[in-house]
Amino acid sequence: MKIETLSVNGFNIELPIGLEEVMDTPVRDSYQTFLKESTNDVRRHLTCLTTLLPPAVGLKSSRILHAFGGVGASAQVLDQVAPHHEHVFWERDPVLVRYLRHCYPDETVVHAQDSMPWLATEDLSLYDIILLDMSVGTIKTKGVKDMWTNVAKAVKARPGIVVWFTDTACHKIHLNYKTYAKDFGIEIDKTAESYLNAYSAWLEQVHGLTITAAMREAGEFYCVVKSNVPEDNQRFKSIPYV
């Protein structure tokens, strides 16, 4: 393993190259896969995160939940936005759990378990920022709708919570848009913009949440979600492509 520093939007993020892969999953979606040889596959992700999340977070000290903790790249970004963040990681991969505990030995709690069941049941109102960085997932992913129900419960208790989530639907949106329309109960055409507008409308109607900012790359959406805001200027107008 070696450490490579990736500079994005003025943030310097240290990433491990060549971590061992031990998880036997149907889809090779771990950070070890993305970082097998280089950091190129995560640059776009971090470009979106460093563009969208810091303005939503502000400079206050926060308690942050890193579900799907990975290698702690998001934590490094938030550490540079403002000091005194308290990080809580959920990560099921034993290699990544060890790595996170090594990188954050003192002030961080690292729980070794699958994030999806916990996201549906744990008290998320304990956190100021909730990061939902699933490597592979859409509204169809098992547990996602239960996750949003629990997230909305937390936001209702504490309206200032900021949620960051990723969604991989635009990989094949032109093929699957009609099935996504059934999931949302909202008409969708075959464009990425239509899908994400439907997602935001569904979050508003069902959970009182709003996508306030969004970017996309070839395969994924990256979004900031807050409590429902009636002012039109608080909703995303377009989806910049990176």
Side-chain angles (χ1 to χ4, degrees), residues 25-29 34 41-49 51-53 55-56 67-68 74 115-117 119-120 124 129-156 159 161-242:
T25 58
V27 179
R28 293 173 61 82
D29 59 356
F34 301 142
D41 288 337
V42 300
R43 177 177 287 278
R44 288 188 296 269
H45 170 201
L46 290 171
T47 297
C48 294
L49 187 141
T51 300
L52 298 179
L53 195 57
F68 318 100
S74 300
S115 297
M116 288 306 297
L119 285 169
L124 303 180
I129 304 166
I130 300 172
L131 302 184
L132 307 173
D133 254 334
M134 291 175 281
S135 298
V136 176
T138 71
I139 193 65
K140 294 182 177 295
T141 300
K142 182 179 179 181
V144 164
K145 289 189 175 181
D146 292 336
M147 173 194 82
W148 281 122
T149 298
N150 201 32
V151 168
K153 179 181 176 182
V155 175
K156 184 176 181 180
I161 293 173
V162 175
V163 182
W164 167 268
F165 85 99
T166 65
D167 181 290
T168 60
C170 52
H171 273 288
K172 296 183 178 179
I173 193 70
H174 61 292
L175 298 176
N176 299 324
Y177 68 98
K178 291 183 179 178
T179 65
Y180 291 130
K182 294 179 182 178
D183 289 294
F184 294 126
I186 298 170
E187 186 174 348
I188 302 174
D189 63 35
K190 61 179 69 177
T191 66
E193 289 76 9
S194 180
Y195 171 86
L196 207 56
N197 275 292
Y199 207 139
S200 188
W202 177 80
L203 284 172
E204 289 188 48
Q205 293 169 12
V206 178
H207 296 301
L209 303 171
T210 302
I211 297 176
T212 59
M215 293 180 72
R216 63 164 294 201
E217 51 99 358
E220 295 182 271
F221 297 108
Y222 303 96
C223 307
V224 175
V225 175
K226 295 184 180 181
S227 59
N228 203 354
V229 282
E231 298 84 0
D232 183 64
N233 63 1
Q234 294 296 310
R235 297 176 180 150
F236 71 95
K237 298 292 197 306
S238 61
I239 312 173
Y241 187 89
V242 60

Taking side chain to side chain contact (heavy atoms under 4.5 Å, CB included) as the test, write out the residues that go with [X], two or more places apart.
X: Lys178; result: none
X: Asp146; result: Ala120
X: Thr51; result: Asn9, Thr47, Met215

Rounded at 0.5 Å granularity, tell me how far [atom1] in [X] sits from [atom2] in [Y].
X: Met116; Y: Lys142; atom1: CE; atom2: NZ; result: 10.0 Å
X: Leu132; Y: Trp164; atom1: CG; atom2: CH2; result: 11.0 Å
X: Phe184; Y: Thr179; atom1: CZ; atom2: OG1; result: 10.0 Å
X: Ile161; Y: Ile130; atom1: CD1; atom2: CD1; result: 5.0 Å
X: Cys48; Y: Ile239; atom1: SG; atom2: CD1; result: 11.0 Å
X: Tyr177; Y: Lys172; atom1: OH; atom2: NZ; result: 16.0 Å

Near Lys145 NZ, under 6.0 Å, is it more than 12 heavy atoms from other residues, nucleotides or ligands? yes

With sequence neighbours left out, write down each residue that passes salt bridge (charged side-chain N to carboxylate O under 4.0 Å, His left out) with Arg44, or none if nothing qualifies. Glu217

Looking at residues at least two apart in the chain, or sitting in another chain, which of them share a salt bridge (charged side-chain N to carboxylate O under 4.0 Å, His left out) with Lys190? none

Ignoring hydrogens, what is the shortest heavy-atom contact between [X] and [Y]? Give both atom names and the distance.
X: Leu49; Y: Ser74; value: CD1-OG, 3.2 Å
X: Ala214; Y: Cys223; value: CB-SG, 4.0 Å
X: Leu124; Y: Leu119; value: CD1-O, 3.8 Å
X: Val151; Y: Leu209; value: CG1-CD1, 4.3 Å
X: Ala56; Y: Lys226; value: CB-CE, 4.0 Å
X: Ile139; Y: Tyr199; value: CD1-OH, 3.8 Å

Contact between [X] and [Y] at the side-chain level, heavy atoms closer than 4.5 Å - yes or no?
X: Met134; Y: Val144; result: yes
X: Arg216; Y: Leu196; result: no
X: Leu53; Y: Tyr222; result: no
X: Thr210; Y: Ser200; result: yes

Where the side chain of Ser115 meets the backbone of Phe68, is there a donor-acceptor pair that is under 3.5 Å apart?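 Indeed, once roles are kept as given, a pair shorter than 3.5 Å links the two residues.
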
Would you check, one step at a time, whether the test side chain to side chain contact (heavy atoms under 4.5 Å, CB included) holds for Gln205 with Ile186? CA-CA 11 Å; Gln205 293 169 12; Ile186 298 170; 4.2 Å; yes

Under the side-chain contact (heavy atoms from CB on, under 4.5 Å) test against Thr212, which residue among Leu52, Val163, Val224, Val162 passes?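 Output: one option passes, namely Val224.
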
With Asp183 via side-chain hydrogen bond (donor to acceptor under 3.5 Å, both in side chains) - residues at least two apart: Lys140

Students often mix this up, so state it plainly: with edges at 30° and 60°, are the rings of Tyr180 and Tyr195 parallel, tilted or perpendicular? perpendicular

How are the rings of Phe165 and Trp148 set to each other: parallel, tilted or perpendicular (split at 30° and 60°)? perpendicular

